Amino acid sequence: MENKEYSNGEITIIWKPEKCIHSGMCVKTLPKVYNPKEKPWVKPEHATSEELIDQVEKCPSGALSIKK
């Protein structure tokens with residue numbers, strides 16, 4: 001499966017779907033950014049870069065990372 005990238009103009013979230021264990025940590029932490037019922041499901045413009053970096057660091061599977 002191909003990696004997906006979502007940018008807020010400052011940083012880019014990289015999602016590796018094959019690593020994702022769907023823990024829900026992202027949705028619980030930043031529900032305005034992550035909504036699996038919508039397309040695209042990641043909307044990084046709904047949080048600050050600092051909030052996004054903090055949340056991505058908590059991803060238990062390593063499926064989310066940041067590219068600056």
Side-chain angles (χ1 to χ4, degrees):
M1 204 175 274
E2 188 176 316
N3 293 349
K4 305 281 185 186
E5 296 189 4
Y6 306 91
S7 179
N8 71 355
E10 290 182 353
I11 62 170
T12 300
I13 296 173
I14 300 169
W15 178 50
K16 299 174 183 163
E18 74 282 353
K19 290 184 101 179
C20 188
I21 60 171
H22 305 289
S23 72
M25 180 73 68
C26 52
V27 177
K28 289 174 193 155
T29 307
L30 292 174
K32 291 182 180 178
V33 174
Y34 301 96
N35 186 342
K37 295 178 182 163
E38 293 185 10
K39 298 280 183 192
W41 81 281
V42 180
K43 296 181 179 159
E45 65 274 11
H46 294 294
T48 67
S49 294
E50 188 175 287
E51 290 171 320
L52 294 168
I53 291 167
D54 183 58
Q55 184 280 312
V56 167
E57 288 175 351
K58 294 175 183 164
C59 178
S61 65
L64 295 173
S65 60
I66 297 287
K67 178 170 75 174
K68 297 180 183 179

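Here the structure is a predicted model, which means the values were calculated and not measured.
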(request) Could you state whether Tyr34 and Ile11 fall into the same hydrophobic cluster, counting links through intermediate Ile, Leu, Val, Met, Phe, Trp or Tyr residues with side-chain heavy atoms under 4.5 angstrom apart? (result) yes

(request) Tell me, with the steps shown, if Gln55 and Thr29 meet side-chain hydrogen bond (donor to acceptor under 3.5 Å, both in side chains). (result) CA-CA 7 Å; Gln55 184 280 312; Thr29 307; 5.0 Å; no

(request) Supply the atom-to-atom distance Ser61 OG to Lys16 NZ, rounded to the nearest 0.5 angstrom. (result) 10.0 Å

(message) Under the criterion side chain to side chain contact (heavy atoms under 4.5 Å, CB included), I'd like the reasoning laid out for Tyr6 against Leu52: C-alpha separation, chi angles, the key distance, then a yes or no.
(response) CA-CA 11 Å; Tyr6 306 91; Leu52 294 168; over 6 Å; no

(message) For the NZ atom of Lys67 and the OG atom of Ser7, what is their distance to the nearest 0.5 Å?
(response) 8.5 Å

(request) Can you see which heavy atom on Pro17 is nearest to which on Met1, and at what distance? (result) CB-SD, 3.2 Å

(request) State the CG-CD1 distance between Asn8 and Ile13, to the nearest 0.5 angstrom. (result) 7.5 Å

(request) Apply side chain to side chain contact (heavy atoms under 4.5 Å, CB included) to Cys26 and Trp15, showing your working. (result) CA-CA 11 Å; Cys26 52; Trp15 178 50; over 6 Å; no

(message) With rounding to the nearest 0.5 angstrom, report the NZ to CG distance, Lys43 to Asn35.
(response) 6.5 Å

(message) Quick check on the hydrophobic clustering: are Met25 and Val33 connected, directly or via other members, by side-chain heavy-atom contacts under 4.5 Å?
(response) no

(request) For Asn3 and Glu18, run side chain to side chain contact (heavy atoms under 4.5 Å, CB included): C-alpha distance rounded to whole Å, both residues' side-chain angles, the deciding distance at 0.1 Å, then the answer. (result) CA-CA 8 Å; Asn3 293 349; Glu18 74 282 353; 3.9 Å; yes

(request) Could you tell me the separation between the CD1 atom of Ile66 and the CD1 atom of Ile53, rounded to the nearest 0.5 Å? (result) 5.5 Å

(message) Hydrophobic clustering (ILVMFWY, side-chain heavy atoms < 4.5 Å, transitive) - are Leu64 and Ile14 grouped together?
(response) no

(message) Looking at every non-hydrogen atom in both residues, tell me the closest pair between Ser23 and Pro60 and how far apart they are.
(response) OG-CG, 3.5 Å

(message) Could you measure the distance from the NZ atom of Lys32 to the CD atom of Glu51? Nearest 0.5 Å is fine.
(response) 9.5 Å

